[in-house]
Amino acid sequence: MTTVDETAYEYRTARPEDAEAIEALDGSFTTSTVFQVAVADDGFTFREVPVDPPLTKVFPEEESDGGDEDGADGKESGSRTVVAVGAGGELAGFTAVSYSPWNGRLTIEDIEVAPGHRGRGVGRALMGHAVAFARECGAGHVWLEVTNINAPAIHAYQRMGFAFCGLDTALYEGTASEGEKAIYMSMPCP
């Protein structure tokens with residue numbers, strides 16, 4: 001059990017009975033700044049700009065295939081989901097990761113912290129579990145994708161050691177996130 005801000009959290013590999021709570025977790029966010037993306041022939045730049053009124057992003061519900069691709073510890077498929085459970089048994093957050101041996105990359109597929117648990121170190125602890133799994137797998141780096149409007153997450157990732165490494169201006173075309181840009185961030189796995 002890990003205690004953060006006098007709140008006890010248990011971090012463990014997700015179990016089948018966690019699936020419903022993971023699906024129901026509120027990943028929405030509100031931000032007063034976004035990262036504006038400028039693309040040129042020789043590269044791209046990011047500039048943080050204020051938005052007024054603050055922007056609130058609510059993610060649409062996704063269809064689940066209901067499958068469980070992980071083995072008991074997630075190693076069989078090179079993936080793992082770790083959950084943070086609060087003292088009252090509620091899901092405080094989770095991270096789902098996958099490892100690709102061909103390029104030595106651990107990808108953060110998803111990381112979410114419930115609104116009532118944000119700012120308490122839960123995201124950092126979940127990322128720590130992802131990095132530990134990356135080391136177990138022999139990964140050389142950890143990689144993730146984040147929308148340019150999620151400035152709170154971008155700042156958190158930067159504090160954790162991630163740096164900008166790429167951009168996809170078309171990833172969200174034809175989705176509810178159309179107009180947003182996919183920013184890729186990575187960090188070495190020591």
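All values reported here derive from a predicted model rather than from experimental measurement.
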Applying the side-chain hydrogen bond (donor to acceptor under 3.5 Å, both in side chains) test to S98, which of R80, R105, E109 qualifies?
-> E109
Donor-acceptor pair, T81 side chain versus V97 backbone, under 3.5 Å?
-> no
Checking E17 side chain against R15 main chain: does a donor-acceptor pair fall under 3.5 Å?
->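 Looks like no, no N/O pair under 3.5 Å.
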Once salt bridge (charged side-chain N to carboxylate O under 4.0 Å, His left out) is applied, what residue pairs with a partner in [range] remain, sequence neighbours excluded?
range: residues 173-190; result: K57-E180
range: residues 26-55; result: none
range: residues 143-168; result: none

Smallest separation among heavy atoms of [X] and [Y], with atom names:
X: G78; Y: F133; value: O-CE2, 4.0 Å
X: I111; Y: L126; value: CD1-CB, 4.1 Å
X: Y9; Y: G86; value: CD2-CA, 3.9 Å
X: S177; Y: Y172; value: O-CB, 3.5 Å

So do the side chains of T31 and N150 get within less than 4.5 Å of each other, counting heavy atoms only?
-> no
Heavy atoms, side chains only, cut-off 4.5 Å: are V122 and R118 in contact?
->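 Heavy-atom side-chain distance check fails, nothing below 4.5 Å.
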Could you check L167, L171, V146, L144 and say which one makes a side chain to side chain contact (heavy atoms under 4.5 Å, CB included) with Y184?
-> L171
Is L55 isolated, or which residues cluster with it under the ILVMFWY side-chain rule of less than 4.5 Å, directly or via members?
->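 F29, V34, V49, V51, F59, I149, all in the cluster of L55.
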I'd like to check the ring pair (Phe, Tyr, Trp, His ring centres under 6.0 Å) partners of [X]; sequence neighbours left out, ordered by chain and number.
X: H141; answer: none
X: F46; answer: F44, F164
X: Y157; answer: F162

Could you pull out all residues at least two apart from T56 that satisfy side-chain hydrogen bond (donor to acceptor under 3.5 Å, both in side chains)?
->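 Here the qualifying residues are T30.
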With sequence neighbours excluded, residues passing salt bridge (Lys or Arg N to Asp or Glu O under 4.0 Å) with R12 =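 For R12 the salt bridge (Lys or Arg N to Asp or Glu O under 4.0 Å) partners, ignoring immediate neighbours, are E10, D18.
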Distance in Å, I183 CD1 paired with I154 CD1, rounded so as to fall on 0.5 Å steps = 4.0 Å
Answer with yes or no after comparing the ring centroid distance for H155 and F35 against a 6.0 Å cut-off, counting only values under it.
-> yes
Transitive ILVMFWY side-chain link M187 to M185, under 4.5 Å = yes
Could you tell me which residues satisfy side chain to side chain contact (heavy atoms under 4.5 Å, CB included) with A134, sequence neighbours excluded, listed by chain and number?
->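 With sequence neighbours excluded, A134 shows a side chain to side chain contact (heavy atoms under 4.5 Å, CB included) to L106, A139, V142, C189, given in chain and number order.
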